[in-house]
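Remarks on the structure that follows.
Along the sequence shown, the residues carry numbers beginning at 1. Here the structure is a predicted model, which is why all the values come from computation and not from measurement.
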Amino acid sequence: MTTDSQTDTTSPRTPLTYASYLRVDELLALQTPLSDGPEHDETLFIIIHQVYELWFKQILHEVDRLDASLDADDVPVALVALKRVLTIFKTLVGQVDILETMSPLSFNSFRTRLDSSSGFQSVQFRTLEFRLGARSRGRLGVHPEGSAVRSTLEALLTTESTYDRFLRFMDRAGFSMPPELATRERGGGNFEHDGARRQLVTVYRTRPDLAQVCERLVDLDEGLQEWRYRHVKMVERTIGMKSGTGGSSGAEYLRATLFRPLFPDLWAIRNEF
């Protein structure tokens, strides 16, 4: 029993609701079209790209899990992470269908409002590429020298990629990888290596359980390439061969990124079976 002087004056906690947990009000306030009117389809354009960024955040979250599971030789968790990333990429491809309901005329009604902004400036997508091993200094150009973003991406050029971790995982499993792979300069991205390919062929022939990890990485690679392809065709359909926003070369640059595998050894060994 408490006296008057001991009465608890703390106000009751506000009950958690769907809206407060997900911060729905703040979320729905983030779509701010800049065109006069505004143009009807600018809201769609903003929402699609904001959703892309949310999915990129989740993919990076799953890549954290994937990297940790490879480091821990935890095959079941690695497979779960890879399956989820692949499923998200299928969703990203599906979102292109929604964006393609916007006609070229509709897009051009607000395109000039985008000014220097460009999808090439997506830090999360560039981080994802660098984390997986598709990296080069040439992809840093859209970020100013000395900026925090550029410094973060530059640091990734020298860190282990997911593919590096995969090769170390296979090495610990008894498939000796060439030692020079561990000491190579990582800024140039992943590349084919005869010694790694020979070991991976042996994995497929002797360890079907570990071959599943290889196949899921190929699925991830294919999923990313599929999204790139749909993105290219969407851009061509919307702006043709014109330059992209932010001074980019638009579809021309995007086409140049097609059919560049993240994990070239895992594709090259198809010739060995």
Cluster question for you: counting only ILVMFWY and a side-chain heavy-atom cut-off of under 4.5 Å, with indirect links fine, are Trp267 and Leu86 together?
no
Show the nearest heavy-atom pair for residues Ala173 and Arg207, with the distance to one decimal.
O-NH1, 4.3 Å
Once you measure the plane-to-plane angle for His49 and Phe45, does it fall in the parallel (<30°), tilted (30-60°) or perpendicular (>60°) bin?
tilted
Results of ring-ring contact (aromatic ring centres under 6.0 Å, His included) for Tyr18 - residues two or more places apart only:
none
Quick one: CZ on Phe166 to CG on Leu210, what's the gap to the nearest 0.5 Å?
8.5 Å
Separation of Arg237 CZ from Phe107 CZ (nearest 0.5 Å)
14.0 Å
Could you check whether Arg168 pairs with Glu160 (Lys NZ or Arg NE/NH1/NH2 to Asp/Glu carboxylate O, under 4.0 Å)?
yes
Could you tabulate the donor-acceptor pairs under 3.5 Å formed by side-chain atoms of residues 146-154, not counting sequence neighbours?
{"unit_1": "Ser147", "atom_1": "OG", "unit_2": "Pro144", "atom_2": "O", "d": "2.8"}
{"unit_1": "Ser147", "atom_1": "OG", "unit_2": "Arg150", "atom_2": "N", "d": "3.2"}
{"unit_1": "Arg150", "atom_1": "NE", "unit_2": "Glu154", "atom_2": "OE2", "d": "3.3"}
{"unit_1": "Arg150", "atom_1": "NH1", "unit_2": "Leu140", "atom_2": "O", "d": "3.3"}
{"unit_1": "Arg150", "atom_1": "NH1", "unit_2": "His143", "atom_2": "O", "d": "3.0"}
{"unit_1": "Arg150", "atom_1": "NH2", "unit_2": "Glu145", "atom_2": "OE2", "d": "3.2"}
{"unit_1": "Ser151", "atom_1": "OG", "unit_2": "Ser147", "atom_2": "O", "d": "3.1"}
{"unit_1": "Thr152", "atom_1": "OG1", "unit_2": "Ala148", "atom_2": "O", "d": "3.0"}

I'd like to check Leu60 versus Asp64 (side-chain heavy atoms, cut-off strictly below 4.5 Å). Are they in contact?
no
Establish, from distance only, whether the side-chain atoms of Tyr204 and Glu215 form a donor-acceptor pair under 3.5 Å.
yes
Does atom OH of Tyr229 have more than 12 heavy-atom neighbours, drawn from other residues, nucleotides or ligands, at distances under 6.0 Å?
no
Do Val203 and Gln199 come within less than 4.5 Å of each other through their side chains, counting heavy atoms only?
no
Check step by step if salt bridge (charged side-chain N to carboxylate O under 4.0 Å, His left out) holds for Lys233 and Glu100.
CA-CA 10 Å; Lys233 301 312 291 184; Glu100 284 185 340; over 6 Å; no
Can you tell me if Asp265 uses its side chain to pair, donor with acceptor, with the backbone of Ala196 under 3.5 Å?
no
Show your reasoning for whether salt bridge (charged side-chain N to carboxylate O under 4.0 Å, His left out) applies to Arg228 and Glu129.
CA-CA 12 Å; Arg228 287 189 189 281; Glu129 287 185 315; 2.3 Å; yes
With a cut-off of 6.0 Å (strictly less than), are more than 12 heavy atoms of other residues, nucleotides or ligands near CZ of Arg270?
yes
Which atom pair, heavy atoms only, marks the closest approach of Leu200 to Met170?
CD2-CG, 4.5 Å
Heavy atoms only: give me the nearest Arg205-Glu272 pair and the separation to one decimal.
NH2-O, 3.1 Å
Check the pair Arg216, Asp219 against salt bridge (charged side-chain N to carboxylate O under 4.0 Å, His left out), reporting the backbone distance first and the verdict last.
CA-CA 5 Å; Arg216 297 297 78 76; Asp219 287 341; 2.7 Å; yes
Look only at the side chain of Asn108 and the backbone of Pro104, and say whether a donor-acceptor pair between them is shorter than 3.5 Å.
yes
Hphob cluster co-occupancy, Val24 + Leu54, side-chain heavy atoms under 4.5 angstrom:
no
For Leu30, is the CG atom crowded, meaning more than 12 foreign heavy atoms sit under 6.0 Å from it?
yes
From the options Thr159, Thr162, Asp67, select the one residue that forms a side-chain hydrogen bond (donor to acceptor under 3.5 Å, both in side chains) with Arg131.
Asp67
Test salt bridge (charged side-chain N to carboxylate O under 4.0 Å, His left out) applied to Asp36 - qualifying residues, sequence neighbours left out
Arg113
Which pair of non-hydrogen atoms, one from Met177 and one from Asp171, has the smallest distance, and what is that distance?
N-OD1, 2.8 Å
Check Phe110 against Asp41 and note the closest heavy-atom contact, atom names and distance.
CE2-C, 3.8 Å
CG on Leu34 to CG on Leu114, rounded to 0.5 Å
8.0 Å
Set of residues satisfying side-chain contact (heavy atoms from CB on, under 4.5 Å) with respect to Thr101, sequence neighbours excluded:
Leu44
With Phe125, which residues qualify under ring-ring contact (aromatic ring centres under 6.0 Å, His included), at least two apart?
Phe56, Trp227
Do Val51 and Met102 share a hydrophobic cluster, counting only Ile, Leu, Val, Met, Phe, Trp and Tyr and linking them when any side-chain heavy atoms are less than 4.5 Å apart?
yes
Show me the donor-acceptor pairs, under 3.5 Å and distance only, between side chains in residues 74-85 and residues at least two apart or in other chains.
{"unit_1": "Asp74", "atom_1": "OD1", "unit_2": "Val77", "atom_2": "N", "d": "3.3"}
{"unit_1": "Arg84", "atom_1": "NH1", "unit_2": "Glu62", "atom_2": "OE2", "d": "3.1"}

Where Pro15 and Ser20 come nearest, the two heavy atoms and their spacing
O-OG, 4.3 Å
Ser35 side chain to Glu42 side chain, donor-acceptor N/O pair below 3.5 angstrom:
yes
Under a plain distance cut-off of 3.5 Å, with no hydrogens placed, do Ser106 and Ser109 share a side-chain donor-acceptor pair?
no
